[in-house]
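As structure tokens, the structure follows; a few thoughts come after it.
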Protein chains: 2
Amino acid sequence: MAQQGDGVRRAPLSRERVLRAGVALADEVGIAAVSMRRLAQELGVVPMALYKHVANKDELLDGMVDVVIGEFEPPDPDLDWKAAVRRRVLSARRAVLRHPWARQAIESRTRRTPAVLGYMDAVAGTFRAGGFSADLTHHVMHALGNRIWGFSPELFDEPRGAESPAPSPEEQQAREAEFAQRYPHVLEIAVAATQGDLSGVGGGCDEQFEFEFALDLLLDGVDRLREQGWTSRAARSAVAPG
Amino acid sequence: MAQQGDGVRRAPLSRERVLRAGVALADEVGIAAVSMRRLAQELGVVPMALYKHVANKDELLDGMVDVVIGEFEPPDPDLDWKAAVRRRVLSARRAVLRHPWARQAIESRTRRTPAVLGYMDAVAGTFRAGGFSADLTHHVMHALGNRIWGFSPELFDEPRGAESPAPSPEEQQAREAEFAQRYPHVLEIAVAATQGDLSGVGGGCDEQFEFEFALDLLLDGVDRLREQGWTSRAARSAVAPG
DNA sequence: ACGCTAGGTGTACGGCGTACACCCGTCAAG
DNA sequence: CTTGACGGGTGTACGCCGTACACCTAGCGT
């Protein structure tokens with residue numbers, strides 16, 4: 001604990017503290033604004049001090065991802081495989097939504113840290129326990145892809161940052177008309193998504209619903225394959241050209 | 001064309017030329033090594049010259065993505081919807097595989113450039129023409145997510161960069177043993193994927209097969225929904241808690 | 001009392017994106 | 001033929017970044 005009391009003696013750094021501060025900082029200012037210097041400042045410390053706890057910035061980011069993964073909650077072990085996977089994935093989703101930078105961070109890094117492997121192992125184990133062959137489990141993990149992490153790319157999400165603030169009503173209207181002509185189908189599905197309310201296309205889209213839609217589509221699909229005793233060998237030969 | 005001949009007079013820059021050079025450079029050295037300075041050097045020009053053709057680096061990257069999208073081939077218009085989507089997506093995949101940095105770039109930017117919108121519109125239009133409601137089309141687009149771009153996250157891909165080069169045979173074996181104990185299911189599916197050849201887990205995984213597996217799973221799933229006259233309204237109310 | 005070590009410090013380097021002032025070749029108008 | 005505007009390449013400079021390397025110091029086991 002070191003002698004305190006002589007003014008403002010700060011708690012000692014540690015890898016743990018550095019990573020947590022990194023997560024907190026990214027939550028506040030976005031991942032792009034997280035730099036070693038900024039993080040050090042936040043911790044009341046000189047930049048190089050961080051390097052005693054993380055090897056470099058890449059490892060910092062990996063560690064921050066691990067912190068988020070640590071927030072995933074394991075599901076009730078009594079659930080059947082489908083419910084268990086669903087719960088686990090939706091818990092992952094909640095964690096990722098709490099840390100909006102995490103999606104990007106998880107997508108961009110491919111380091112297989114113990115936390116990453118542990119999570120993948122848990123998901124794979126759930127399929128195996130549910131009667132999936134290792135073969136099918138493997139393909140299912142691939143098919144779920146990002147969805148395992150609780151997110152999927154948002155096709156229609158808001159353009160970031162401020163744009164031209166007020167494009168004048170008639171210009172706005174002209175722009176919409178051109179859009180309708182050039183991208184009729186995009187417009188159409190945007191309308192379907194918002195039930196007619198077009199203020200900010202994409203803003204009215206229920207991401208959670210979309211996510212569960214796709215997740216269940218995949219889970220139901222693979223359930224069917226499992227029931228049918230699907231194997232990749234059979235699939236390959238069925239498809240193989242004469 | 002300006003007078004040439006007096007030695008090595010270079011062709012004038014243009015937005016087109018800048019973007020193409022950016023693509024070529026990224027192909028060669030990876031997206032991380034593409035900087036305004038490096039790109040300028042490649043073009044035999046001072047860095048600031050680029051800013052006469054692209055507003056900033058972000059716009060450069062958006063433009064480079066557009067170049068890749070421009071390589072996507074539209075499918076034969078006589079194909080039915082499923083085959084048409086499949087062809088279009090697999091063509092997108094080929095383009096993205098030609099430019100390995102593109103996946104990352106597409107994932108990380110959310111700008112809706114005309115090229116992006118045009119592509120989305122074409123895909124959505126194919127579903128609509130195939131008898132999908134705008135509603136279902138919307139959800140299907142979401143469900144396909146990244147897959148529309150011809151890629152999906154590679155769960156198991158190689159760690160990048162060189163690591164500790166030779167970890168000594170017995171240490172290697174100890175490491176594998178620990179791995180097997182800690183991540184049994186990951187190991188199991190890795191074995192299934194490589195049919196027993198564990199040299200470089202993940203190296204032996206047939207990405208193309210995985211991709212088509214997931215794509216067809218989704219396409220067949222949504223085909224079923226379409227046949228059943230699925231609507232999101234019905235789905236929501238069927239699931240809504242009493 | 002002594003030296004080891006873990007951990008925080010200070011300085012410095014090379015690279016980045018890009019703001020801003022400049023300059024020069026081309027070409028239309030006078 | 002002169003002129004002046006303008007599109008596009010140049011040069012300099014600023015403030016950020018990650019991090020190598022040498023250093024210092026407090027606390028501890030001996």
Side-chain angles (χ1 to χ4, degrees), chain A residues 1-22 25-26 28-64 101 104-105 108-109 111 160-162, chain B residues 1-22 25-26 28-64 101 104-105 108-109 111 160-162:
Chain A
M1 301 301 172
Q3 58 263 59
Q4 291 184 264
D6 57 4
V8 279
R9 195 149 212 74
R10 64 166 183 275
L13 248 45
S14 70
R15 184 179 165 88
E16 178 76 7
R17 239 166 73 75
V18 168
L19 297 183
R20 295 206 168 282
L25 182 57
E28 269 175 47
V29 302
I31 194 72
V34 173
S35 69
M36 298 301 276
R37 293 168 125 99
R38 175 79 192 264
L39 178 55
Q41 189 182 338
E42 215 74 16
L43 286 162
V45 116
V46 95
M48 287 310 293
L50 303 181
Y51 287 87
K52 290 280 153 63
H53 303 278
V54 296
N56 50 46
K57 191 179 180 181
D58 248 38
E59 206 197 87
L60 169 70
L61 264 50
D62 284 337
M64 286 167 54
W101 49 272
Q104 167 92 0
S108 67
R109 36 227 43 253
R111 287 279 329 282
R160 43 187 161 200
Chain B
M1 299 303 170
Q3 57 265 55
Q4 290 184 264
D6 57 4
V8 277
R9 194 147 213 77
R10 64 164 183 274
L13 248 43
S14 70
R15 183 178 165 87
E16 179 77 7
R17 240 167 70 76
V18 168
L19 296 183
R20 294 207 167 283
L25 182 57
E28 269 175 47
V29 302
I31 194 71
V34 173
S35 68
M36 298 301 276
R37 295 167 124 99
R38 174 78 190 265
L39 178 55
Q41 188 182 337
E42 215 75 14
L43 286 162
V45 114
V46 94
M48 288 309 294
L50 303 181
Y51 287 86
K52 291 280 151 68
H53 304 279
V54 295
N56 49 45
K57 191 178 179 181
D58 248 38
E59 206 197 88
L60 169 69
L61 264 47
D62 283 337
M64 286 166 55
W101 49 272
Q104 167 90 357
S108 67
R109 32 224 50 250
R111 289 278 331 280
R160 44 187 160 202

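Lettering of chains follows the sequences in order, A, B, ..., and the numbering in each one begins at 1.
In this structure, A/R15 atom CZ and C/dG7 atom P are separated by 13 Å, rounded to whole Å. One interatomic measurement links the two molecules: CG of A/L43 to P of C/dG8, which rounds to 10 Å at whole-angstrom precision. When the C1' atom of D/dG9 is taken as reference, atom NE2 of B/H53 falls 8 Å away, rounded to whole Å. Summarising the geometry, the separation between CG on A/L50 and P on C/dT9 is reported as 10 Å, rounded to the nearest angstrom.
A search for side chain to side chain contact (heavy atoms under 4.5 Å, CB included) contacts involving B/I31 returns B/A26, B/M64, B/W101, not counting sequence neighbours. Listed by chain and residue number, nothing satisfies the salt bridge (charged side-chain N to carboxylate O under 4.0 Å, His left out) test with A/R37 (two or more places apart in sequence, or in another chain). Shown here are the side chain to side chain donor-acceptor pair (under 3.5 Å) partners of A/R15, two or more places apart in sequence or in another chain: A/E59. For the side chain to side chain donor-acceptor pair (under 3.5 Å) test, residues two or more places apart in sequence or in another chain that qualify with A/E16 are A/R20.
For the atom pair B/L61 CG and B/L19 CG, the distance stands at 10.0 Å (nearest 0.5 Å).
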**OP:** Summarise protein proximity over nucleotides 14-24 of chain C in one line of letters, 5' to 3': B for base, S for sugar-phosphate only, - for none, counting protein heavy atoms closer than 4.0 Å.
**Re:** --BBBBB----
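For residues 46-56 of chain B, the set of pairs meeting the salt bridge (Lys or Arg N to Asp or Glu O under 4.0 Å) definition, not counting sequence neighbours, is empty.
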